[in-house]
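To start, the structure under review is shown below, and the notes come after it.
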There are 2 protein chains.
Amino acid sequence: MATPQAQSSPRAPRNNRATAVHLRLRKEIVSGLFPQGSALAEPTLAEHFHTSRAPVREALIALEREGLVTFEKTGRTRVRTIAAKDLREIMEARAALESMAARLANWNWTTADTDFVAKNIEQQTKAGSFAELSRLDMDLHHYVVTCSGNLRLLQLWEPLRWQYEAYLVEIFKRRSADDYRPETETVLGHRKLLQVLSSGTPAEAAQAMMDHVLFNISWAD
Amino acid sequence: MATPQAQSSPRAPRNNRATAVHLRLRKEIVSGLFPQGSALAEPTLAEHFHTSRAPVREALIALEREGLVTFEKTGRTRVRTIAAKDLREIMEARAALESMAARLANWNWTTADTDFVAKNIEQQTKAGSFAELSRLDMDLHHYVVTCSGNLRLLQLWEPLRWQYEAYLVEIFKRRSADDYRPETETVLGHRKLLQVLSSGTPAEAAQAMMDHVLFNISWAD
DNA sequence: GGCCTAAGAAGTGTCGACACTTTAAAACGC
DNA sequence: GCGTTTTAAAGTGTCGACACTTCTTAGGCC
């Protein structure tokens, strides 16, 4: 009999330079190293990463599908600009996916999950900057999506995360670092979330996550 | 002043052989031309499409991110096998996205939209095979997602569509064509959907779509 | 000086080549 | 005949090359 071990392969990243370039370039984009709208020429990037154009090209295709770069009709590549209108789309899509994720995560929630999230929220209260708070925030949301046990949910969610982070870093550039005051509303929303995830119904968890994510649309600069 | 027309570029598909190969190969996969799990060697595909390996390679990367093919650790590419467990993930993700889409579509629903969907449902009652019915079904769901006006929702949804169709074509291979009897439940679900989309509340539309999509999980063979 | 034009520079799309790795097949021993 | 080892075939990863297109800059004209 054939089909020794079919398994639908959760994720088998090829171990080549293309994926390395992909990950590095993504990190550089969401770090704000390349301003939005700036050109990404293959020869330049190839030199930057000490490789040839082929791996760079593959990485750009992956990044385009993640929504971090765009191809113009002429083939030129640019860092995608994410405006307020895009933020709305991102948050609506996040709300859809994370609400379902919360529903599923509620189903198989453990005390270890509660510990992780509680610890994360605790750190949020001590956060000293927007950047630190949003990092903790994304960690928490990533954790819930993972807890759903649905790998496709996670795969669809990740690009939204990168796009959101690329948007945030642009905001941080404009805002001065010292006008930060603790975001009590965000923390409060997370506490409510933890409560329904651990001891609420699936429908309550879904609703709470939906409200929590959509609430942040108004954040738009 | 710079930034002449920023616009976040909805979708600018490069007009090259790579995208052509991508679209053709995708169509061939969801048509069942390549059985699930079969190997996709770049030189063979290159010959098949009368091109070199470079465009084929780019197409495979795009298809991997769509979930239609998988890369093994050795770099070999295979058509992804979609089992019942995968179907569950797909339908949960679809339910999440389409529920939000229905909520948004309800908001800006027009009589023209009602006409399109009503005509589609009318055709469903006359469908003579599983294949025809499911084609109409996907057309309808695609229409609703488009009506949401949220391009990211559509972009995230499309890969789920291809995966679902790849699953269906495998089912069709096993089932004989003549044991088809009209799926009255599907049609009934769509009528209910049309009703809430045109004259219900956003929450009702979201709930109806959620129920309708999740109902189909039990379809699993 | 401002505008149009034309050479030059830069970039993309595609190809073939080659080293290295993995798979498949053939040869060998028992 | 069956299992093991060796050898050949097939495949991937990466590179450089070249034609063609697009952008940019310098020159000329008014």
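Per chain, numbering begins at 1; letters A, B, ... match sequence-line order. None of the values given here were measured: they were computed from a predicted structure.
Remark: A:W109 pairs with A:T114 by the side-chain hydrogen bond (donor to acceptor under 3.5 Å, both in side chains) rule, at least two apart or across chains. Listed by chain and residue number, A:A206, A:M210 satisfy the side chain to side chain contact (heavy atoms under 4.5 Å, CB included) test with A:S99 (two or more places apart in sequence, or in another chain). Considering only residues two or more places apart in sequence or on other chains, A:R17 meets the side-chain hydrogen bond (donor to acceptor under 3.5 Å, both in side chains) condition with none of them. Remark: B:D139 engages no residue in a side-chain hydrogen bond (donor to acceptor under 3.5 Å, both in side chains) (not counting sequence neighbours). Here A:H212 pairs with A:H141, A:H190 under the ring pair (Phe, Tyr, Trp, His ring centres under 6.0 Å) rule; sequence neighbours left out. With sequence neighbours excluded, no residue satisfies side-chain hydrogen bond (donor to acceptor under 3.5 Å, both in side chains) with A:R135.
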Sequence neighbours excluded and cut-off under 3.5 Å, please list the side-chain donor-acceptor pairs for residues 28-35 of chain B, or say none.
from, atom 1, to, atom 2, distance (Å)
B:E28, OE1, B:H48, NE2, 3.3
B:E28, OE2, B:H48, NE2, 3.4
B:S31, OG, B:K27, O, 2.5

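When the C1' atoms of four end pairs are superposed on the next four at each end of the helix from C:dG1-D:dC30 to C:dC30-D:dG1, using five pairs per end, the two resulting axes differ in direction by 10°, to 10°.
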Along nucleotides 11-22 of chain C, 5' to 3', which nucleotides get a B, which get an S, and which get a -, given that the test is a protein heavy-atom distance under 4.0 Å?
SBBBB-B----S
